[in-house]
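One structure is given here, and the rest of the page talks about it.
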There are 2 protein chains.
Amino acid sequence: MRQTIQRQIILEELRNLKTHPTAKELYNHVKKRIPTISFGTVYRTLHLLRDRGEIIELAFADRSSRWDGFTHPHQHFYCESCGGVYDVEEDISNKLAGILSRVPGKVKRMHLKIYGICDKCL
Amino acid sequence: MRQTIQRQIILEELRNLKTHPTAKELYNHVKKRIPTISFGTVYRTLHLLRDRGEIIELAFADRSSRWDGFTHPHQHFYCESCGGVYDVEEDISNKLAGILSRVPGKVKRMHLKIYGICDKCL
DNA sequence: TTAGATGCAAACATTTTGCCGCGAT
DNA sequence: ATCGCGGCAAAATGTTTGCATCTAA
């Protein structure tokens, strides 16, 4: 795995943003620092970092993945009004241990999505 | 809202399938009964039913939405090996009441996804 | 020096949409 | 008879990929 300026800045910008950006939003931010950056590089880098467990891919029903630069156990609140995604800093694994012990198969991780209207939109 | 044979059969087939199909998979099933059905109709109907709260749209990171014909509180297990989605018949809202009371904004619903390897793939 | 990474553009997969004719009410 | 709905195909969207070039190691 080669260290390139693109990879450095993509991860750096993702971690600086608290907004769980889409690939396109992240691309626009990175572009300010590397004007020649391409979409292909952004996607390839995001997938690489995800596969190495350094970032998390979030799927919501609005077609495009969101990306989260932090991998500690936490959950997400999705605002159905503005589309914003907010962190819920809580590890739920202890609360849900009962469920997990009853699931057939091997559990690797879990993720809770809370849907609603954020306080800014209320 | 007009009652048509297409809408009847789309909902019927979705509820018969326990597999949380993609739109394409569902389309293929419906096509056996209505050979002239179009993708547009399937998508329009799924969105209509979702907006009316009769079915649920599930988003996973593998690009296409899955659809669930049942809306009672339950969760999902996603197998990273075969891509299958299995129901976890449990309402977690009581267990997570603490989290919900601390989320800023109005919570409408929540959904837990458990990622792992299902027992068939182990 | 060279394997691996980037940039670019074309290809892809999925979903959405406009239009017109049809059919449920 | 009306107007919402379905079929069709084109367009839009988000993502992935092939290839030539470049560059970190």
Side-chain angles (χ1 to χ4, degrees), chain A residues 1-14 17 19-52 54-69 78 80 83-85, chain B residues 1-14 17 19-52 54-69 78 80 83-85:
Chain A
M1 149 92 176
R2 201 175 275 183
Q3 179 69 348
T4 64
I5 196 70
Q6 286 87 346
R7 289 179 179 174
Q8 278 174 41
I9 292 183
I10 286 169
L11 182 55
E12 211 173 291
E13 286 295 321
L14 176 59
L17 290 167
T19 54
H20 309 86
T22 62
K24 189 178 189 177
E25 288 163 353
L26 182 58
Y27 165 80
N28 286 331
H29 278 269
V30 173
K31 207 172 181 178
K32 291 176 189 164
R33 296 175 63 185
I34 313 176
T36 58
I37 192 83
S38 73
F39 257 109
T41 299
V42 171
Y43 276 107
R44 273 186 288 234
T45 301
L46 287 171
H47 292 166
L48 182 82
L49 293 170
R50 176 199 60 196
D51 294 343
R52 302 177 81 211
E54 297 183 35
I55 65 173
I56 292 173
E57 181 172 10
L58 303 176
F60 295 93
D62 63 357
R63 296 278 272 106
S64 58
S65 286
R66 312 293 194 101
W67 298 87
D68 188 329
Y78 179 87
E80 291 178 331
V85 177
Chain B
M1 150 91 174
R2 203 174 274 183
Q3 180 69 346
T4 65
I5 196 70
Q6 286 86 345
R7 289 180 178 176
Q8 278 173 40
I9 292 184
I10 287 169
L11 181 55
E12 213 174 288
E13 286 296 320
L14 176 59
L17 289 166
T19 53
H20 309 85
T22 62
K24 189 178 188 177
E25 288 163 353
L26 181 58
Y27 165 80
N28 287 331
H29 277 269
V30 173
K31 207 172 181 177
K32 291 176 189 165
R33 296 176 62 185
I34 313 174
T36 57
I37 193 81
S38 73
F39 257 109
T41 299
V42 172
Y43 276 107
R44 273 186 286 236
T45 302
L46 287 171
H47 292 165
L48 183 82
L49 294 170
R50 177 199 58 196
D51 294 345
R52 302 176 80 211
E54 296 183 35
I55 65 174
I56 292 173
E57 181 174 9
L58 303 176
F60 295 93
D62 64 356
R63 201 76 298 104
S64 57
S65 285
R66 312 292 194 100
W67 298 87
D68 188 330
Y78 178 87
E80 292 179 330
V85 176

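First the proteins, then the strands, lettered A, B, ... as listed; each starts at 1.
Salt-bridge check for B:Glu13 with B:Lys32: failed, with every basic side-chain N at 4.0 Å or more from each acidic carboxylate O. Ion pair B:Glu25/B:Arg66 not flagged as a salt bridge, since none of the NZ, NE, NH1 or NH2 atoms sits closer than 4.0 Å to an Asp/Glu carboxylate oxygen.
Aromatic ring orientation, B:His47 versus B:Trp67: tilted (interplanar angle from 30° to 60°).
Regarding B:Lys24, its NZ atom lies at a distance of 11 Å from the C1' atom of C:dC12, rounded to whole Å. In this structure, B:Met1 places its CE atom 7 Å from P of D:dC5, rounding to the nearest Å. Here C:dT15 presents its P atom at 13 Å from CG of B:Leu58, a figure rounded to the nearest Å. Following rounding to the nearest Å, A:Tyr27 (OH) and C:dC8 (C1') show an atom-to-atom distance of 10 Å. Protein atom CG of A:Asp62 is 18 Å distant from nucleotide atom P of C:dT14, rounded to whole Å. The distance between atom CG of A:Leu26 and atom P of D:dT15, rounded to the nearest whole Å, is 12 Å.
By the 4.5 Å heavy-atom criterion applied to side chains, B:Phe39 and B:Thr41 are not counted as neighbours. Looking at B:Ile34 and B:Thr36, their side chains come closer than 4.5 Å, going by heavy atoms from C-beta outward. A:Leu11 has its side chain within reach of A:Ile55: a pair of non-hydrogen atoms, C-beta onward, lies under 4.5 Å apart. The shortest side-chain heavy-atom distance between B:Val30 and B:Gln6 does not fall under the 4.5 Å cut-off. Here the side chains of B:Leu14 and B:Leu46 are in contact, with some heavy-atom distance below 4.5 Å.
Residue contacts shown for B:Thr22 are absent, as no nucleic acid heavy atom lies under 4.0 Å away.
Listed by residue number, the members of residues 29-48 of chain B with any heavy atom below 4.0 angstrom from DNA chain C are B:Gly40, B:Tyr43, B:Arg44, B:His47. Contacts between residues 2-13 of chain B and DNA chain C, defined by a heavy-atom separation under 4.0 Å, are made by B:Arg2, B:Gln3.
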